[in-house]
Amino acid sequence: MTTAEHLRGRRALVTGGNRGIGLEVVRLLCDLGLDVFLGSRDLDGGAAAVASLRRPAITPVRIDVADPASVAEARDSLAPEGIDVLVNNAGIYPRGDLTRELVAQAWQVNALGSWRVTQAFLPRMRERRWGRIVNVSTELASNAHEQRGGVYPVTKVAMNAMTRALAEDLGGTGILVNACSPGWCRTGMGGKSAPRSAAQGAASVVWGVTLPDDGPTGGFFQDGEALPW
């Protein structure tokens with residue numbers, strides 16, 4: 001079975017899918033034959049991103065991962081089918097003076113947001129006994145990387161820990177859960193001097209979606225290679 005055959009017709013949700021890595025992930029998943037829901041906090045912005053891709057199998061969905069009510073609305077809008085693939089890509093990288101509000105927002109989006117969205121969409125995956133959950137992490141969360149300060153890598157370490165715990169909980173269910181780093185990419189977050197393109201980063205993330213049923217779960221990867229953390 002080819003990758004396309006394995007995934008064709010599956011339904012995927014990508015949070016933060018209206019720009020950068022997320023937009024490239026949406027494009028790649030659509031090209032693999034999935035029906036993709038592009039999640040964004042602003043529905044108009046999501047619709048504009050969908051229009052830019054010019055692919056009919058992509059639908060914009062409003063979802064603010066930091067808002068439980070918004071997550072519940074997105075879940076209900078995709079019912080009863082739910083989704084088969086979840087890419088928790090939404091994230092923020094606070095810079096400058098880290099106020100208490102900024103730190104709290106980073107935790108709500110980067111760490112708790114991925115948990116919140118996963119819990120909302122997990123029941124249908126459990127019923128089908130098949131699913132792929134990819135949490136978009138960062139190489140900064142690896143203990144082999146020269147650490148930099150700030151709340152961003154700390155929230156991603158928490159995401160990695162939740163990835164491992166969830167994978168253990170879902171053992172034997174047919175649902176694979178992994179954290180994948182896109183690397184440092186030329187996006188609005190990464191800046192113009194980054195060494196990797198958004199397409200390269202997205203390919204590293206989509207690798208976690210294309211895993212076979214006997215693939216790894218609970219790991220932390222970049223470009224298909226395990227990262228220590």
(Q) Within a 6.0 Å radius of atom CZ on R186, are there more than 12 heavy atoms belonging to other residues, nucleotides or ligands? (A) yes
Q | Among V177, L170, D169, side-chain contact (heavy atoms from CB on, under 4.5 Å) partner for T173 | A | L170
Q.
Is any side-chain heavy atom of V36 closer than 4.5 Å to one of V14?
A. yes
Q. Can you check whether L122 reaches L166 side chain to side chain, under 4.5 Å on heavy atoms?
A. yes
**Q.** Pair S70-R62, side-chain donor/acceptor within less than 3.5 Å
**A.** yes
Q | Non-hydrogen side-chain atoms of D67 and R41 separated by less than 4.5 Å | A | no
Q) Does V85 belong to the same Ile/Leu/Val/Met/Phe/Trp/Tyr cluster as V50, with side-chain heavy atoms less than 4.5 Å apart forming each link? A) yes
Q | Residue of the set N110, L112, T15, N89 for which side-chain contact (heavy atoms from CB on, under 4.5 Å) holds with V65 | A | T15
Q: Could you tell me whether E225 atom CD has more than 12 heavy atoms of other residues or ligands within 6.0 Å of it?
A: no
(Q) Any heavy-atom pair between the side chains of S181 and L227 that's under 4.5 Å? (A) yes
Q.
When you compare the side chain of N88 with that of V134, does any pair of heavy atoms fall below 4.5 Å?
A. no
**Q.** Plane angle bin for W207 and F221 - parallel if under 30°, tilted between 30 and 60°, otherwise perpendicular
**A.** tilted
Q) Would you say P212 and D214 make side-chain contact, with heavy atoms under 4.5 Å? A) yes
Q) Can you tell me if N18 and S40 form a side-chain donor-acceptor pair at under 3.5 Å? A) no
Q. Nearest 0.5 Å, what's the OG1-CD1 distance between T217 and I133?
A. 8.5 Å
Q. Above 12 or not: heavy atoms from other molecules or residues under 6.0 Å from CZ of R124?
A. yes
Q) What are the two closest heavy atoms between M162 and A111, and how far apart are they? A) CE-O, 3.0 Å
Q | Ionic contact status for R55 with D31, cut-off 4.0 Å | A | yes
Q | Nearest non-hydrogen partners of V136 and P182, listed with the distance | A | CG1-CD, 3.9 Å
Q. So if you build clusters from Ile, Leu, Val, Met, Phe, Trp, Tyr with side-chain heavy-atom gaps below 4.5 Å, do F37 and L34 land together?
A. no
Q: Work out which heavy atom in V61 is nearest to a heavy atom in S77; give both atom names and the distance.
A: CG1-OG, 4.2 Å
Q. What's the shortest heavy-atom distance between W107 and V154, and which atoms?
A. CZ2-CG1, 3.8 Å
Q) Think R132 forms a cation-pi with W130, using NZ or CZ under 6.0 Å from the six-ring centre and within 45 degrees of its axis? A) yes
Q: Kindly indicate whether the side chain of F220, heavy atoms from C-beta on, has any atom under 4.5 Å from the side chain of N178.
A: no
